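Data block below; observations after.
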There are 2 protein chains.
Amino acid sequence: MPQRQLAFPQVDCADCPIRHRAVCARCESDELEHLEAIKYYRNYEAGQTIVWAGDKMDFVASVVHGVAALSQTMEDGRRQMVGLLLPSDFLGRPNRERATYDVTATTDLQLCCFRRVPFHDMLSTNAHVSQRLLEMTLDELDAAREWMLLLGRKTAREKIASFLSIIARRDATINQNAKSGEVAFDLPLTREAMADYLGLTLETVSRQMSGLKRDGVIRLEGKRHIVIPDFDVLMDETGDDADGGVF
Amino acid sequence: MPQRQLAFPQVDCADCPIRHRAVCARCESDELEHLEAIKYYRNYEAGQTIVWAGDKMDFVASVVHGVAALSQTMEDGRRQMVGLLLPSDFLGRPNRERATYDVTATTDLQLCCFRRVPFHDMLSTNAHVSQRLLEMTLDELDAAREWMLLLGRKTAREKIASFLSIIARRDATINQNAKSGEVAFDLPLTREAMADYLGLTLETVSRQMSGLKRDGVIRLEGKRHIVIPDFDVLMDETGDDADGGVF
DNA sequence: GGCTGTGCTTGATCTGGGTCAAGGTCAAGC
DNA sequence: GCTTGACCTTGACCCAGATCAAGCACAGCC
């Protein structure tokens, strides 16, 4: 478990991903020193566990690059992913001493960490930070509710299509790689992790991926690289409203 | 749609349920006037729709009594409940103009409403309120993640048992009615609403309720009144860890 | 009293996705 | 070049829960 501490007080806020930079909104103010004093980086390898549910967790963090997953496991081993953290997402609860979920790196991962207690103390004095954190938490709640619809009511095929569209929309690489409406990206998850995300078995994930490929909705280059010839066709498979749902 | 406005500026903060009172933490300060100036009550009947997804929503609210549900509906009518609001729960997003979900009253309901824009403005000046709101939102996110495990991985019987234990634990009436470890309460939802909560059909809900009754895990007095002779026996049916999961 | 509508239960049958099992692909290490 | 192990695919079969259908319980109303 190599937990190298990189830069410490000399970290420049410009390093931070967008949302994290929003947390540091008062970069010009004297609060910056305070923020930086409790900030450090950690790196993890794909597959590593960052914390187990119930472990002490003495930091909160922002994802710099890579992907992390929050999951819950039942006594008999059934497993459900309940959070997927991409760059700029926030990890941890400032006022909670122990982790509620297993946290794992599904790709190589870099976190920008803040010591938990000083960070929590800062919330009461810094309205901008706690407001921004509220915004982010509300967004995550919306994402969780979208996810609940997927888990409770969608078919296996709709689940896969929805998952692919979620990753495609959030993956920063897609826009540059796009040629003539085509969208391409690498899956940051194994088939098993996808199954845990979607409430399926890995066999069903595999079969449905093959089905979408057979029907020309996606192309597979290797196991992990996805090409979507026509994003609208994929969206038709998700079961979601064509529009963003806004009337 | 009778939306009677009850008390207005003369409302006493003592009326407010616990969490809402926390929002008014500065009752003694001069901010009270500000809070009350934007506060009013609304009543709804069981079954009424409060707002539809996509509608303008010019208030946020705290549930005073009764139960409200947030749900999402797919084009073909498949429906998933994504939030169940009991007394003291918070409804709405201060900075969002339109509702994201259908909101319905599943029982007779009273809301304590705040005009959205003034409430949102208040957040930036009142650290206590926004911090408290952050706490509540994080709790809701945890509840949503528990719910995701239920939707993705639990069997129909485990879903029903989990649902009953959730309601039993949150229903304020249960503690007084308890005699010798027995727990009793009224279901605030129809079988159909339970099905929407659990990602099942109403027939499966009915069958599993009958199953739990046949096996002596619960007693049914009428359609809606539940008696749980031994709460531990019910918990064994949920699939959850015996303990709260805290190591 | 009977009628109507809403909510609930139960039975018969069907099917999507789980389970079990075999084998394929590919990269790393000897 | 062979072995090993991680990851993925595919096939055969099965079952939990969906679907379709009938009927019950009970409150409100004429």
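Heavy-atom basis, side chains included; hydrogens, waters and symmetry copies ignored. Chain naming here is simple, since letters A, B, ... match the order of the sequence lines and numbering starts at 1 in each. For clarity, every value in this text was computed on a predicted model and none was experimentally measured.
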Could you list the donor-acceptor pairs under 3.5 angstrom formed between side-chain atoms of residues 141-154 of chain B and any protein atom two or more places apart in sequence or on another chain?
{"unit_1": "B:D142", "atom_1": "OD1", "unit_2": "A:Y101", "atom_2": "OH", "d": "2.8"}
{"unit_1": "B:D142", "atom_1": "OD2", "unit_2": "A:R93", "atom_2": "NH1", "d": "2.9"}
{"unit_1": "B:D142", "atom_1": "OD2", "unit_2": "A:R96", "atom_2": "NH1", "d": "2.7"}
{"unit_1": "B:D142", "atom_1": "OD2", "unit_2": "A:R96", "atom_2": "NH2", "d": "3.0"}
{"unit_1": "B:R145", "atom_1": "NE", "unit_2": "A:V82", "atom_2": "O", "d": "3.2"}
{"unit_1": "B:R145", "atom_1": "NH2", "unit_2": "A:E140", "atom_2": "OE2", "d": "2.6"}
{"unit_1": "B:E146", "atom_1": "OE1", "unit_2": "A:Q72", "atom_2": "NE2", "d": "3.4"}
{"unit_1": "B:W147", "atom_1": "NE1", "unit_2": "B:Y197", "atom_2": "O", "d": "2.9"}
{"unit_1": "B:R153", "atom_1": "NE", "unit_2": "A:R79", "atom_2": "O", "d": "2.6"}
{"unit_1": "B:R153", "atom_1": "NH1", "unit_2": "A:L200", "atom_2": "O", "d": "3.0"}
{"unit_1": "B:R153", "atom_1": "NH2", "unit_2": "A:R79", "atom_2": "O", "d": "3.4"}
{"unit_1": "B:R153", "atom_1": "NH2", "unit_2": "A:A195", "atom_2": "O", "d": "3.0"}
{"unit_1": "B:R153", "atom_1": "NH2", "unit_2": "A:D196", "atom_2": "OD1", "d": "3.3"}
{"unit_1": "B:R153", "atom_1": "NH2", "unit_2": "A:L200", "atom_2": "O", "d": "3.0"}
{"unit_1": "B:K154", "atom_1": "NZ", "unit_2": "B:S162", "atom_2": "OG", "d": "2.9"}
{"unit_1": "B:K154", "atom_1": "NZ", "unit_2": "B:T238", "atom_2": "O", "d": "3.2"}
{"unit_1": "B:K154", "atom_1": "NZ", "unit_2": "B:D240", "atom_2": "OD1", "d": "2.7"}

| task | Decide side-chain hydrogen bond (donor to acceptor under 3.5 Å, both in side chains) for B:S210 and B:R214; before the verdict, give the C-alpha distance in whole Å, the side-chain angles of both, and the deciding distance to 0.1 Å. | result | CA-CA 6 Å; B:S210 301; B:R214 189 180 334 105; 5.8 Å; no

| query | Is the side chain of B:D55 donor-acceptor paired with the backbone N or O of B:W52 at a distance under 3.5 Å, no angle test? | reply | yes

| query | In whole angstrom, what separates A:R79's CZ from C:dG18's P? | reply | 17 Å

| request: Report yes or no: does B:R191 contribute a side-chain atom to a donor-acceptor pair with the main-chain N or O of B:T201 at less than 3.5 Å? | output: no

| query | Looking across every strand, which nucleic acid part, if any, lies under 4.0 Å from A:R224 by heavy atom: base, sugar-phosphate, or nothing? | reply | sugar-phosphate

| query | Can you tell me how far C1' of C:dC26 sits from NE2 of A:H225, to the nearest Å? | reply | 18 Å

| request: Spell out, as yes or no, whether a donor-acceptor pair under 3.5 Å connects the side chain of A:D186 to the backbone of A:P188. | output: no

| Residue-level proximity of residues 202-218 of chain A to DNA chain C when a heavy atom falls under 4.0 Å | A:E203, A:T204, A:R207

| request: Kindly indicate whether the side chain of A:Q80, heavy atoms from C-beta on, has any atom under 4.5 Å from the side chain of A:M74. | output: no

| remark: Ranking A:R153 and A:L189 by the position along DNA chain D of their nearest nucleotide, the one closer to 5' is A:L189

| Min side-chain heavy-atom separation B:R219-B:P229 under 4.5 Å | yes

| query | Under 4.5 Å between any side-chain heavy atoms of A:I50 and A:L109, yes or no? | reply | yes

| query | First and last nucleotide of DNA chain D in contact with chain A, 5' to 3', at under 4.0 Å to a heavy atom: what are they? | reply | D:dC8 to D:dA12

| remark: Between A:K223 and B:L220, the residue closer to the 5' end of DNA chain C by nearest nucleotide is B:L220

| In whole Å, what is the span from the CD atom of A:E192 to the P atom of C:dT19? | 13 Å

| said: Any base atoms under 4.0 Å from B:G199, or only sugar-phosphate, or nothing? Heavy atoms, all strands. | reply: sugar-phosphate

| task | Indicate yes or no: does B:D89 engage B:R170 in a salt bridge with an N to O separation below 4.0 Å. | result | yes

| request: Under 4.0 Å between any heavy atoms, over every strand shown, what does B:T190 touch: base, sugar-phosphate, or nothing? Just pick one. | output: sugar-phosphate

| Atom CG of A:L151 and atom P of C:dG17: how far apart are they, to the nearest Å? | 13 Å

